[in-house]
Amino acid sequence: MLLYVLRRLLTAIPTLFVIVTLAFFLMRVAPGGPFNQERGLSPEIRANLEAQFGLGDPLWLQYVNYLNNLLHGNFGPSYNLPDFTVTELFAAGLPISAQLGASALILALLLGSMLGIIAALNQNKVGDYTVIAIATAGSTIPTFVIAPVIQLVFGLTWHLLPIGGWGDGALLNKIGPILTLALPQMAIVARLMRGSMIESLRSHHIRTARAMGLSDWSVVVKHALRGAVLPIVSFAGPAAAALLTGSVIVETIFSIPGVGRYFVEAALNRDYTLVMGTVVVIAIFTILFNLIVDIMYAVVDPRVRYD
Amino acid sequence: MSTPETVLSVNDLRVRFRTLDGVVEAVKGINLKVGAGETVAIVGESGSGKSQTMMAAMRLLASNGEATGSVDYRGRNLLTLSKSGLNEVRGRKITMIFQEPMTSLDPLYTIGNQLIEPIQRHRKLGAAAAREEALKLLKLVKIPDPERRMKSYPYEMSGGQRQRVMIAMALANDPDILIADEPTTALDVTIQAQILTLLAELQQKLGMAIVFITHDLGIVRRFADRVYVMRQGEVVEEGVTEAVFSKPTHPYTKMLLSAEPTGRKAPPAPNAPILLQGRDVEVVFKIGGGFLAGDPMLLRAVDRINIALRKGQTIGIVGESGSGKSTLGRALLRLLGSEGSIRFENRDISKADKGDMRPLRRELQLVFQDPFGSLSPRMTVGQIITEGLLVHEPSLSAKQRDARACEALEEVGLDPIMRNRYPHEFSGGQRQRIAIARAMILKPKVVVLDEPTSALDRSVQKQIVELLRKLQKDHDLSYLFISHDLAVVRAMADYLIVMKQGKIVEEGMTDAIFDNPREEYTQTLMAAAMDPTKFRLSA
């Protein structure tokens with residue numbers, strides 16, 4: 001197993017390299033640059049800035065320099081937020097985004113699984129239809145609708161929650177963003193769990209468990225659920241990578257100083273270093289969580305062996 | 001024979017399923033009785049309702065199923081018992097083993113864990129005591145190395161061993177009644193015989209009643225005291241086994257008893273040309289291996305086999321699962337890469353690539369075992385059987401193809417009107433006819449039949465065997481008939497090859513081998529195959 005993890009981490013290096021390379025050159029194919037904004041800078045200032053950041057060098061040299069810096073853990077300075085390095089921006093924002101994302105993911109997994117199980121046990125009955133209705137609504141209503149509704153109802157009307165802001169991480173400030181992030185994921189988890197549980201409950205070994213007179217709890221939780229969680233595990237990996245790296249919509253609507261905004265803002269501003277930083281962070285998260293998913297597979301299912 | 005006390009009585013049991021096509025009545029008001037310590041067989045073909053009867057009794061019906069009537073176990077009606085009352089009977093007094101040994105155990109827990117759970121549930125034993133019990137049970141069902149097996153997962157065991165574990169689980173709480181639903185159908189013949197012997201021994205030792213649900217008359221004859229014959233949800237005949245077998249009264253029972261394929265095939269003329277020939281055919285599979293994972297394991301599935309199929313000949317290839325018989329068939333058709341030489345009509349095809357093989361494909365056809373999985377559910381029967389014509393006779397017009405489809409369907413005994421229907425509307429036997437039509441429409445010379453009758457009921461098997469023999473005669477076909485079913489092979493093949501672990505153990509004229517098997521393995525196979533015409537030895 002350890003050997004397997006090591007092997008996977010080793011193969012992550014070429015993967016990352018390919019991602020970085022692709023992102024670097026794709027970014028440069030896009031027209032414009034960090035310093036041609038709507039309010040044009042004078043040519044001298046622009047030339048100065050470009051010289052300072054080495055943007056006048058041939059592209060291959062810039063690429064080699066970037067890789068070299070990256071290998072030393074240096075993501076470079078942000079072009080548009082010149083007072084900060086990319087590393088500083090992530091050090092400040094990533095914990096916030098990750099905290100919200102992780103809470104939302106846990107909430108979605110717990111609630112979604114529960115709803116899914118309830119639906120599966122009441123297949124084609126009222127309970128099932130209720131869950132399907134909730135799940136359909138959850139996955140069809142976009143976050144940019146859910147978020148303002150939460151602000152409106154809980155913030156403006158009932159005064160239960162602040163409308164926005166981080167408030168130095170006060171619990172009440174987190175509830176709105178977490179709910180908004182969790183709802184669509186919960187809907188997906190509920191649907192996945194329902195389908196997976198229905199299939200699992202039909203399997204032959206569940207029939208055996210019933211024929212042996214085992215309790216409903218044991219039949220459902222010990223035997224059916226364990227077999228049914230694998231699709232949820234596969235879903236949770238990429239979902240975790242996406243959630244933990246922040247959401248532009250939620251962070252913008254709730255004025256959260258996370259990193260979700262950077263990807264869009266930086267891409268629009270051609271803030272090359274910040275875009276590259278975001279790509280690397282998301283790539284690392286994705287690779288890492290996929291590895292965790294594969295390890296979880298082996299934990300849940302003894303037939304999965306990696307050595 | 002004194003009448004034993006009745007432990008289970010099924011009275012006017014009806015089982016209905018709500019389906020999209022309306023309510024289907026699977027069991028239509030049947031009565032059964034099981035005496036203490038008795039062995040009762042419920043025999044019938046698929047769809048007869050024999051399994052659903054016992055599923056209903058155990059309240060294990062699918063969620064769209066509903067049972068009425070009563071199933072009395074010592075004065076308690078199982079159909080109306082509360083859930084907790086029911087679970088005191090299930091697994092404790094009445095237990096069940098199933099047809100699917102590969103999937104009936106939970107793949108995610110160890111054998112030990114799964115054995116201990118029902119013991120603890122029903123007998124309130126501590127963990128250590130329950131573990132001791134489980135270990136005893138594994139010894140009882142003769143699992144080798146039981147200490148180690150406690151920690152094994154189902155996937156680490158063979159089908160026969162898993163079925164032993166199921167039996168151990170079923171007997172864990174010393175039940176009154178063991179319901180065995182086709183317990184050996186999915187197993188190889190030699191394993192079948194071992195499991196049946198084990199069940200008989202355990203019954204003698206523990207004294208429980210056994211309800212055998214089976215389609216196999218050989219098993220009924222050897223093991224059952226009494227038998228109920230079911231057909232389309234009704235019991236058509238019942239009685240003491242020997243009486244029913246020697247003097248069947250219902251025409252259906254008579255038909256079942258005569259359903260064994262009969263007749264022999266004459267060998268082809270000695271100067272018939274060799275059509276397909278394999279020399280030193282070898283297929284090696286690589287298992288595992290890869291980046292940083294070391295060298296792969298090599299599995300020699302087919303080990304230097306020589307075979308020569310003449311025009312008009314049928315070579316039967318028998319062997320148990322894993323013997324390499326199907327792999328050999330596929331290698332000879334070049335559907336799998338292999339070593340050695342393969343010649344078709346005196347042409348070396350062992351190095352032929354996909355493009356070279358394409359024109360030959362129509363002459364070398366294959367019919368599979370699974371009539372359910374091998375037909376595309378989204379194509380009509382007409383489309384399925386004419387698909388090959390699109391490749392091999394592209395000049396045909398749609399009308400001509402349709403005419404050929406009608407011809408082919410008629411030839412396999414189906415009404416050509418059916419060509420516009422979809423496969424799910426057909427029974428297993430009909431589907432196998434469709435699969436045969438799909439091969440025959442191309443007018444092949446060699447057909448590899450890979451267990452074409454194994455998924456079918458005996459009476460349907462017989463029809464398919466007769467159909468295949470007729471087609472062979474009409475078109476002078478050569479067959480490679482792969483099967484584990486000796487009765488069917490005997491009726492189909494004039495030459496026989498017995499395979500084990502990739503090698504030929506014995507070969508020769510079919511009758512000669514059946515009458516006088518030389519090798520020990522062949523003898524075991526023959527002994528294990530149960531002949532329903534012979535009565536059991538033990539009383």
Side-chain angles (χ1 to χ4, degrees), chain A residues 1-15 119-125 128 197-230 233 296-307, chain B residues 18 54-55 57-64 83-110 113-115 117-122 151-156 162 165-166 169-170 172-173 175 179 181 288 290-294:
Chain A
M1 188 62 163
L2 203 68
L3 190 77
Y4 170 77
V5 173
L6 226 66
R7 204 162 72 208
R8 284 284 298 267
L9 289 176
L10 274 178
T11 52
I13 294 169
T15 312
L121 291 176
N122 296 291
Q123 198 193 346
N124 296 334
K125 291 182 200 151
D128 188 19
M197 240 348 233
I198 285 174
E199 205 185 304
S200 183
L201 283 167
R202 276 193 201 138
S203 55
H204 290 144
H205 66 265
I206 295 301
R207 186 183 59 190
T208 306
R210 292 215 162 106
M212 293 302 155
L214 302 186
S215 65
D216 280 351
W217 174 263
S218 171
V219 170
V220 172
V221 177
K222 180 175 172 186
H223 293 283
L225 183 59
R226 182 160 171 193
V229 294
L230 288 179
V233 171
M296 287 295 292
Y297 254 78
V299 172
V300 174
D301 191 337
R303 285 167 296 182
V304 179
R305 284 283 173 269
Y306 297 120
D307 32 48
Chain B
R18 278 171 286 112
M54 285 300 136
M55 287 293 179
M58 290 289 273
R59 299 249 297 262
L60 291 172
L61 289 176
S63 59
N64 62 338
K83 197 87 190 244
S84 62
L86 178 70
N87 279 340
E88 277 163 30
V89 177
R90 292 202 296 206
R92 174 91 182 88
K93 297 295 182 191
I94 310 179
T95 56
M96 198 160 178
I97 58 176
F98 300 96
Q99 180 173 0
E100 305 84 358
M102 304 313 274
T103 50
S104 291
L105 294 168
D106 193 329
L108 306 182
Y109 293 94
T110 60
N113 187 324
Q114 294 187 62
L115 273 173
E117 202 181 354
I119 297 175
Q120 283 201 298
R121 166 148 180 94
H122 293 293
K151 293 192 207 83
S152 293
Y153 287 95
Y155 77 94
E156 296 168 305
R162 291 189 210 188
V165 172
M166 271 303 293
M169 214 162 148
N173 297 308
I179 301 167
D181 187 357
F291 176 58
L292 288 180

K.L.:
B:N87, B:L105, B:I94, B:L108: which one forms the most heavy-atom pairs within less than 4.5 Å of chain A?
P.N.:
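Option with the top pair count is B:L108.
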K.L.:
Need one label for B:M169: side chain, backbone, both or neither, based on atoms under 4.5 Å from any heavy atom in chain A.
P.N.:
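Both parts, heavy atoms under 4.5 Å.
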K.L.:
OG1/A:T15 to CZ/A:R8 distance, rounded to the nearest 0.5 angstrom?
P.N.:
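Reported value, rounded in 0.5 Å steps: 9.0 Å.
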K.L.:
Could you check whether B:R162 makes a cation-pi contact with B:Y155, meaning its NZ or CZ is under 6.0 Å from the centre of the six-membered ring and within 45° of the ring axis?
P.N.:
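No, a cation-pi geometry is absent between B:R162 and B:Y155.
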K.L.:
Strictly distance-based, threshold 3.5 Å: is any side-chain N or O of A:S218 a donor or acceptor partner for the main-chain N or O of A:S215?
P.N.:
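Not confirmed, A:S218 side chain does not pair with A:S215 backbone.
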K.L.:
Chain B: which of A:T208, A:D301, A:V300 shares the most heavy-atom pairs with it under 4.5 Å?
P.N.:
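Going by pairs under 4.5 Å, I would pick A:T208.
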K.L.:
State whether A:K222 and B:E117 are salt-bridged, where the test is any N-O pair (Lys NZ or Arg NE/NH1/NH2 against Asp/Glu carboxylate O) under 4.0 Å.
P.N.:
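Looking at A:K222 and B:E117, the cut-off is met.
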K.L.:
Counting only non-hydrogen atoms closer than 4.5 Å, does B:R92 touch chain A with its backbone (N, CA, C, O), its side chain (CB onward), both, or neither?
P.N.:
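Neither part.
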K.L.:
Minimum heavy-atom separation for A:L230 and A:Y297, please, with both atom names.
P.N.:
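Closest heavy-atom pair between A:L230 and A:Y297: O-OH, 3.6 Å.
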K.L.:
Would you mind telling me which of B:L86, B:N113, B:T95 has the largest number of heavy-atom pairs within less than 4.5 Å of chain A?
P.N.:
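When all of B:L86, B:N113, B:T95 are compared, B:N113 has the most.
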K.L.:
Do you know which of B:H122, B:Q114, B:E100, B:M166 has the most heavy-atom pairs with chain A at a distance under 4.5 angstrom?
P.N.:
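Option with the greatest count: B:E100.
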K.L.:
Non-hydrogen atoms of chain A under 4.5 Å away: do they reach the side chain of B:A62, the backbone, both or neither?
P.N.:
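For B:A62, no heavy atom lies under 4.5 Å from chain A.
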K.L.:
May I ask you to name which of B:S104, B:P118, B:G91 has the most heavy-atom pairs under 4.5 Å with chain A?
P.N.:
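Going by pairs under 4.5 Å, I would pick B:S104.
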K.L.:
I want to check a possible cation-pi pair here: A:R207 against B:F98, using under 6.0 Å from ring centre and within 45° of the ring axis as the test.
P.N.:
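Checked: cation-pi criterion met.
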K.L.:
Which residue out of B:M96, B:M102, B:E156, B:R90 racks up the most heavy-atom pairs below 4.5 Å with chain A?
P.N.:
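If we count pairs closer than 4.5 Å to chain A, B:R90 comes out on top.
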K.L.:
Within a strict 4.5 Å, meaning less than it, do heavy atoms of the A:Q123 and B:N64 side chains meet?
P.N.:
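No, too far: nothing below the 4.5 Å cut-off.
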K.L.:
Using a cut-off of under 4.5 Å for heavy-atom pairs, which of A:H204, A:R202, A:H223 has the most such pairs with chain B?
P.N.:
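Going by pairs under 4.5 Å, I would pick A:H204.
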